[in-house]
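Would you mind keeping the following structure in view while I ask a few things?
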2 protein chains.
Amino acid sequence: MTKIELSTEEKILQAAVEVFVRDGYDGSRMQDIADLAGINKALLHYYFRSKDKLFERVFDEKVQSFFPQMSEILAQEISFIEKIDFFIEGYIKLLLKNPFIPLFVLNTVNKKDKQDFIQKMPLDIMRKATESYYQDLQKLQIRELNPMQFMMSLMGMCVFPFLAKPIMLRSFNATNEMFEYMMLARIDELKKYVRLILNP
Amino acid sequence: MTKIELSTEEKILQAAVEVFVRDGYDGSRMQDIADLAGINKALLHYYFRSKDKLFERVFDEKVQSFFPQMSEILAQEISFIEKIDFFIEGYIKLLLKNPFIPLFVLNTVNKKDKQDFIQKMPLDIMRKATESYYQDLQKLQIRELNPMQFMMSLMGMCVFPFLAKPIMLRSFNATNEMFEYMMLARIDELKKYVRLILNP
DNA sequence: GTCTATATAAGGATAGAC
DNA sequence: GTCTATCCTTATATAGAC
């Protein structure tokens with residue numbers, strides 16, 4: 001246990017991440033964040049001026065820590081199928097560590113007064129993936145399909161169990177440990193699916 | 001334009017559905033619901049006593065109108081692959097008419113104080129699908145895989161584009177009309193995917 | 001920088017008239 | 001059944017002392 005002394009700003013940010021991600025923007029209370037950070041509300045405003053500003057910092061923080069890895073994978077100089085393999089493995093392992101980020105992000109981009117936040121997302125992922133797909137299609141290494149539809153499917157397959165985790169746990173009568181195990185097994189299962197879909 | 005005179009209770013319920021589904025529980029205001037229903041707040045409480053009770057009615061209403069159709073498809077006396085075909089087509093067309101239900105439901109079941117609502121979900125879908133899968137597996141009509149993992153994948157593929165619609169629209173630089181067209185095309189694309197996965 | 005105290009506003013819920 | 005007026009609690013935000 002390394003005990004690092006955090007600055008007040010870092011303590012606040014850490015607490016804010018936890019509360020906002022768990023309770024959503026509307027469900028979050030500045031008081032809860034202050035309590036968790038071990039300070040009082042006034043100090044929150046001293047550091048971040050408003051709930052909106054604090055939320056934006058939290059969103060930036062999480063999005064920047066979560067998505068860039070996915071973007072990098074697609075930029076590598078390997079075949080499309082290999083990229084997809086890395087994507088599945090990287091994404092699911094990242095989700096196991098951050099299971100609530102997807103719902104947090106989806107809520108934010110679907111919120112009327114948070115539309116500006118969409119541009120903070122890595123919007124080039126789709127373009128990059130499409131380019132990579134067509135390169136391999138030319139070389140006849142891959143089946144012909146619609147790459148956008150395929151990428152939406154891939155993301156959906158990876159992220160859905162985490163979004164619907166409470167329903168899945170109940171449906172399977174499973175524990176958290178079993179869920180984690182299922183998600184690790186899921187990596188190979190999904191790799192199998194995409195091979196069946198992509199191999200010509 | 002058929003102009004049906006709604007009872008006050010129905011007007012309230014209709015307004016409540018719109019507001020709760022759009023803004024979520026925490027983001028919704030009783031005032032907004034009253035305004036939309038064309039009445040005042042006091043009358044809301046006269047009919048439904050509290051925000052919690054009104055919300056529960058809305059959830060029941062939407063869940064009961066949304067999911068039973070999916071359950072029925074899986075109960076038909078047809079092959080597993082045919083069921084999946086119907087599932088894809090039925091689910092996506094239902095989502096085109098109710099694009100915001102999934103996020104609404106996922107938020108509810110992921111909310112700490114709404115855990116009881118999980119039991120309102122059609123939890124037998126997974127069991128039914130698994131049974132149907134193994135029947136066809138025995139007849140060697142289908143590839144061997146994990147049916148739970150497959151069902152999670154199927155649902156994820158269907159629902160993800162709707163959850164992430166704002167991001168998809170921006171990524172593809174698409175309009176609402178284009179999105180709808182894509183989702184209709186998606187029905188056949190997904191049928192193709194599941195055939196590649198399931199056919200032995 | 002950090003605190004206590006408080007201003008100000010919003011939101012859920014109720015009382016009571018009609 | 002429906003309304004106006006109001007209560008009560010909670011939330012964000014700020015003032016001012018230390």
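Lettering follows sequence order; numbering is per chain, from 1.
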- Look at the aromatic rings of A/Tyr91 and A/Phe66 and report parallel, tilted or perpendicular, splitting at 30° and 60°. perpendicular
- Quick one: does A/Leu140's side chain get under 4.5 Å of A/Pro200's, heavy atoms only? no
- Message: If I compare all heavy atoms of A/Met70 with all of A/Gly90, which pair ends up nearest, and what's the gap?
- Response: CE-C, 3.8 Å
- Student check: side-chain heavy atoms of A/Leu163 and A/Met168 closer than 4.5 Å: no
- Message: Heavy-atom count check: over 12 atoms from other residues, nucleotides or ligands less than 6.0 Å from B/Phe179 CZ?
- Response: yes
- Task: Mind checking the CD-CZ spacing from A/Gln69 to A/Phe87? Nearest 0.5 Å is all I need.
- Result: 11.5 Å
- Item | Whole-Å gap separating P (C/dC3) and CG (A/Leu43) | 6 Å
- Query: When the distance from NZ of A/Lys11 to C1' of C/dT2 is rounded to whole Å, what number comes out?
  - Reply: 11 Å
- Message: Is the ring pair A/Phe80/A/Phe150 parallel, tilted or perpendicular, if the boundaries are 30 and 60 degrees?
- Response: tilted
- Task: For B/Ile12 and C/dA13, give me the distance from atom CD1 to atom P, rounded to whole Å.
- Result: 14 Å
- Check whether any side-chain nitrogen or oxygen of A/Asn40 sits under 4.0 Å from OP1 or OP2 of C/dT4, and answer yes or no. yes
- Message: Heavy atoms within less than 4.0 Å of DNA chain C: which residues of residues 51-59 of chain A have one? Give them sorted by number.
- Response: none
- Message: Quick one, B/Glu18 and B/Gln14 - any side-chain contact, counting heavy atoms below 4.5 Å?
- Response: no
- Task: Check each residue of residues 14-36 of chain B for a non-hydrogen atom within less than 4.0 Å of any atom in DNA chain D, then write out the ones that pass by number, or none.
- Result: none
- Query: Is the closest side-chain heavy-atom distance between B/Gln76 and B/Ile73 below 4.5 Å?
  - Reply: yes
- Message: Would you say A/Thr8 places a side-chain N or O within less than 4.0 Å of OP1 or OP2 belonging to C/dT2?
- Response: yes
- Message: Can you tell me how the ring of B/Phe117 sits relative to the ring of B/Phe59, calling it parallel under 30°, perpendicular over 60° and tilted otherwise?
- Response: perpendicular
- Separation of D/dT2 atom C1' from B/Ile39 atom CD1, nearest Å, is 9 Å
- Message: If I take atom CG in residue B/Leu44 and atom C1' in nucleotide D/dT4, what distance separates them, rounded to the nearest angstrom?
- Response: 15 Å
Distances under 3.5 Å between nitrogen or oxygen atoms of protein and nucleotides 14-18 of chain D:
none

- Query: Going by heavy atoms in the side chains, are A/Met178 and A/Thr175 under 4.5 Å from each other?
  - Reply: yes
